[in-house]
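Report on the structure given below.
These numbers come from the heavy atoms of this one structure, side chains and all, not from hydrogens, waters or symmetry mates.
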Amino acid sequence: MTALNLSFCAAGFLGIYHLGAANAFLRHGDKLLGLLKAYAGASAGALIASLMVTAPDKLEEAKELIERLAENVRKRQFGAVVPGYNLMLALQQGMDTVLPSDAHLLASDRLHVSITDLSGRNHLVSQFSSKDDLIAALLASSYLPFYAGLNPVEFRGQKWIDGGFTDSLPILPVGRTITVSPFAGLQDVCPVHRGRFTTQLRLANMNIMFSMENLKRLNQCLLPPTHGRMQSLYKGGFEDAVRFLRREAWMS
C-alpha cells in the first residue's frame, strides 16, 4: 500500500481550523491514522502536526492557547506589532506546557517542519535532539518578520524565518501526502469554494481559489477574527475533515 502522510499548511490564527480537522481525525479517522507514516507542516500547521505526533490528548489545551493568543492580539490596535508584547515568547511558553518531555523522541523521523533560511531557501527538519530543539524548530517555522518581533529565531546556530514563505504546505517525497488548509482550493481537507471565479492562486506551493472569502481568511491569519468566528472555523475544520474521511472511505 502507498505510504500516507498528513500535512497542515501555514495558517496563522486560522490554525484553529487545523485543530478542528485534527480532532475529527482523532475521533473518526482511526483507519487513516493507522496508515500514516509521517506528518508535516509550516508555521501554525507545523504546530498542529507536532501535536498530532506527540500529544494528541492535548488538542483542547492547544485550542485554549490559540484562543488566548488571539485575544491578546485582538486587544491591541495594531495586533502583535506593538512594543511590549512578545508573541514568540507566549508561543514558546505555550508549547513548553503542551508538549511532553519526550516530544523530540516521538517527533524525530515522523514530523517534518518547514523553515526558511535568510537567503530564502526552504528546509524540512525532521530530527530533533531535545524538546527545546523541537520547540526552536517550531518557533523558527512560525516567525513572521516584524509581525512577531524584529529578531529572527535562532535554531542550531542560524537565523530562520517562517517556513510558510517558501513552502507553506510541505508535500513529502514518498507516498501520498494528504493536505489540510483553511483556504478553499485544491487541498484534500479545505472549505468548499463558493465564489463565482475559478481562478487559482499559487501561494508558496499551495493552490487556493481567488475569492473574497479567501482574501478575508488571509487577513485573519494575522489579525484574528472574533471569538465566535474562530469557533466557526474550528467547527468548519472538523466538518471538512469528516467529509474527506467519508469520501475516502476512512470514516470510523
Side-chain angles (χ1 to χ4, degrees), residues 4-26 29 32-33 36-69 87-116 122-144 148 153-156 160-164 167-172 177-182 189 221 234 237 241:
L4 293 176
N5 314 296
L6 181 61
S7 183
F8 297 87
C9 78
F13 286 104
L14 299 195
I16 199 161
Y17 176 96
H18 290 332
L19 280 173
N23 190 20
F25 288 138
L26 291 169
L32 170 62
L33 296 180
L36 289 176
K37 301 300 182 185
Y39 296 74
S43 195
L47 302 179
I48 307 309
S50 74
L51 286 174
M52 292 285 289
V53 173
T54 71
D57 58 322
K58 296 292 185 70
L59 287 189
E60 189 58 36
E61 288 184 42
K63 183 171 179 281
E64 292 171 3
L65 170 63
I66 288 182
E67 289 171 344
R68 277 199 311 275
L69 292 174
L87 177 64
M88 299 306 285
L89 178 60
L91 190 56
Q92 179 181 8
Q93 292 171 339
M95 286 191 292
D96 192 47
T97 299
V98 172
L99 297 179
S101 59
D102 63 346
H104 58 295
L105 300 176
L106 297 168
S108 288
D109 293 323
R110 295 195 68 212
L111 175 67
H112 298 257
V113 178
S114 173
I115 56 179
T116 304
N122 183 263
H123 301 253
L124 280 181
V125 182
S126 59
Q127 290 290 325
F128 311 98
S129 60
S130 66
K131 178 181 175 181
D132 287 343
D133 189 58
L134 170 60
I135 289 176
L138 294 171
L139 288 173
S141 185
S142 303
Y143 172 72
L144 192 64
V153 171
E154 186 165 319
F155 171 62
R156 298 179 184 172
W160 304 87
I161 58 175
D162 198 308
D167 191 352
S168 62
L169 185 59
I171 304 298
L172 299 183
T177 299
I178 296 162
T179 53
V180 184
S181 170
V189 178
C221 286
Y234 179 84

Within the distance-only criterion (no hydrogens, no angle test), does the side chain of [X] pair as donor or acceptor with the backbone N or O of [Y] below 3.5 angstrom?
X: Ser126; Y: Leu111; answer: no
X: His18; Y: Ala11; answer: no
X: Trp160; Y: Ser141; answer: no
X: Thr54; Y: Leu106; answer: no

Of the non-hydrogen atoms in [X] and [Y], which two are nearest, and what is the gap between them?
X: Leu139; Y: Met88; result: O-CE, 3.2 Å
X: Arg110; Y: Leu36; result: NH2-O, 4.2 Å
X: Ala42; Y: Gly163; result: CB-C, 4.1 Å
X: Ala103; Y: Leu99; result: CB-CB, 4.1 Å
X: Gly164; Y: Ala10; result: CA-CB, 3.9 Å
X: His104; Y: Ser129; result: CD2-O, 3.5 Å

*Does a side chain donor of either Ser114 or Asn122 reach within less than 3.5 Å of an acceptor in the other side chain?*
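Judged by distance alone, the side chains do pair up.
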
*Show the numbers, then the answer: is there a side chain to side chain contact (heavy atoms under 4.5 Å, CB included) between Leu26 and Met52?*
CA-CA 9 Å; Leu26 291 169; Met52 292 285 289; 4.3 Å; yes

*Among Ile161, Leu138, Leu91, Leu87, whose side chain to side chain contact (heavy atoms under 4.5 Å, CB included) with Tyr143 holds?*
Ile161

*asked:* Please determine whether a side-chain nitrogen of the Lys or Arg among Asp96 and Lys131 lies less than 4.0 Å from a carboxylate oxygen of the Asp or Glu.
replied: yes

